[in-house]
Amino acid sequence: MVTLTTAGVRVSVETVYQPEYSNPANEHFMFAYRIEIENCTEHAIQLLRRKWYIFDSNREKRTVEGEGVVGIQPVIQPGQVHAYVSGSNLKTDIGFMEGEYEMVRPVDEYAFHVEIPKFNLIAPYRLN
């Protein structure tokens with residue numbers, strides 16, 4: 001698990017390779033990731049947008065952005081954690097992702113960004 005705190009918001013990420021959804025012969029490697037977003041501030045926050053940078057080991061880079069996460073724009077109260085699971089596919093069995101969330105404090109409409117820590121996507125057989 002990797003963790004990073006930005007502006008009082010702690011983001012933790014765990015990853016898992018999904019061989020049942022991967023097809024190495026066709027350069028398709030599927031990874032799932034679980035993210036926990038913990039609000040360590042004194043005010044409620046809302047996640048409005050996400051932006052991902054996805055890198056394959058063949059030097060291919062993709063940028064993915066959109067509203068919310070997995071179809072919602074969660075409001076996270078002080079001391080609470082919002083967790084979700086999503087996934088990404090790569091053309092190689094090694095890569096990494098990183099990114100940022102666009103957040104807002106509803107109480108005063110203060111907008112800010114929270115970094116998503118860089119995390120590796122590695123098929124387990126590559127670790128031996």
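From a predicted model like this one, the values you see are computed outputs, not experimental measurements.
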Decide yes or no for I45 and V75: does some side-chain heavy atom of the first lie under 4.5 Å from some side-chain heavy atom of the second? no
Say whether D93 and Y125, considering side chains only, have a donor N or O and an acceptor N or O under 3.5 Å apart. yes
Trace of the side-chain contact (heavy atoms from CB on, under 4.5 Å) decision for L4 with V11: CA-CA 5 Å; L4 181 65; V11 179; 5.6 Å; no
Is S88 close to R62 at the side-chain level, that is, under 4.5 Å between some pair of heavy atoms? yes
Sole residue of T6, V9, I35 in side chain to side chain contact (heavy atoms under 4.5 Å, CB included) with Y101: I35
Please determine if K61 forms a cation-pi arrangement with F55, meaning its NZ or CZ atom is less than 6.0 Å from the six-membered ring centre and no more than 45° off the ring axis. no
Check: F29 ring centroid to F31 ring centroid under 6.0 Å: no
Compare all side-chain heavy atoms of V81 with those of I76 and state whether any distance is below 4.5 angstrom. no
Between Q73 and L48, is there a donor-acceptor pair closer than 3.5 Å when you use the side chain of the first and the backbone of the second? yes
Run the numbers on K91 and E60 for salt bridge (Lys or Arg N to Asp or Glu O under 4.0 Å), then give the verdict. CA-CA 9 Å; K91 290 184 178 180; E60 188 171 313; 3.7 Å; yes
Rounded to the nearest 0.5 Å, what's the gap from OG1 on T41 to CZ on R10? Could you check? 12.0 Å
Verify the neighbour count for atom OH of Y110: are there more than 12 heavy atoms of other residues, nucleotides or ligands below 6.0 Å? no
Please tell me if the side chains of R50 and V114 come closer than 4.5 Å, counting only heavy atoms from C-beta onward. no
Which label fits W52 and F119: parallel for a plane angle under 30°, tilted from 30 to 60°, or perpendicular past 60°? perpendicular
Under 3.5 Å, is there a donor-acceptor pair between the side chain of N39 and the main chain of H43? yes
Note, Q46 side chain near P74 side chain (heavy atom, < 4.5 Å): no
Linking I/L/V/M/F/W/Y whenever any side-chain heavy atoms sit under 4.5 Å apart, do I37 and V70 land together? yes
Heavy-atom check, side chain of T15 versus side chain of N120, under 4.5 Å: no
Does the S22 side chain pair with the main chain of P24, one donor and one acceptor, at a distance under 3.5 Å? no
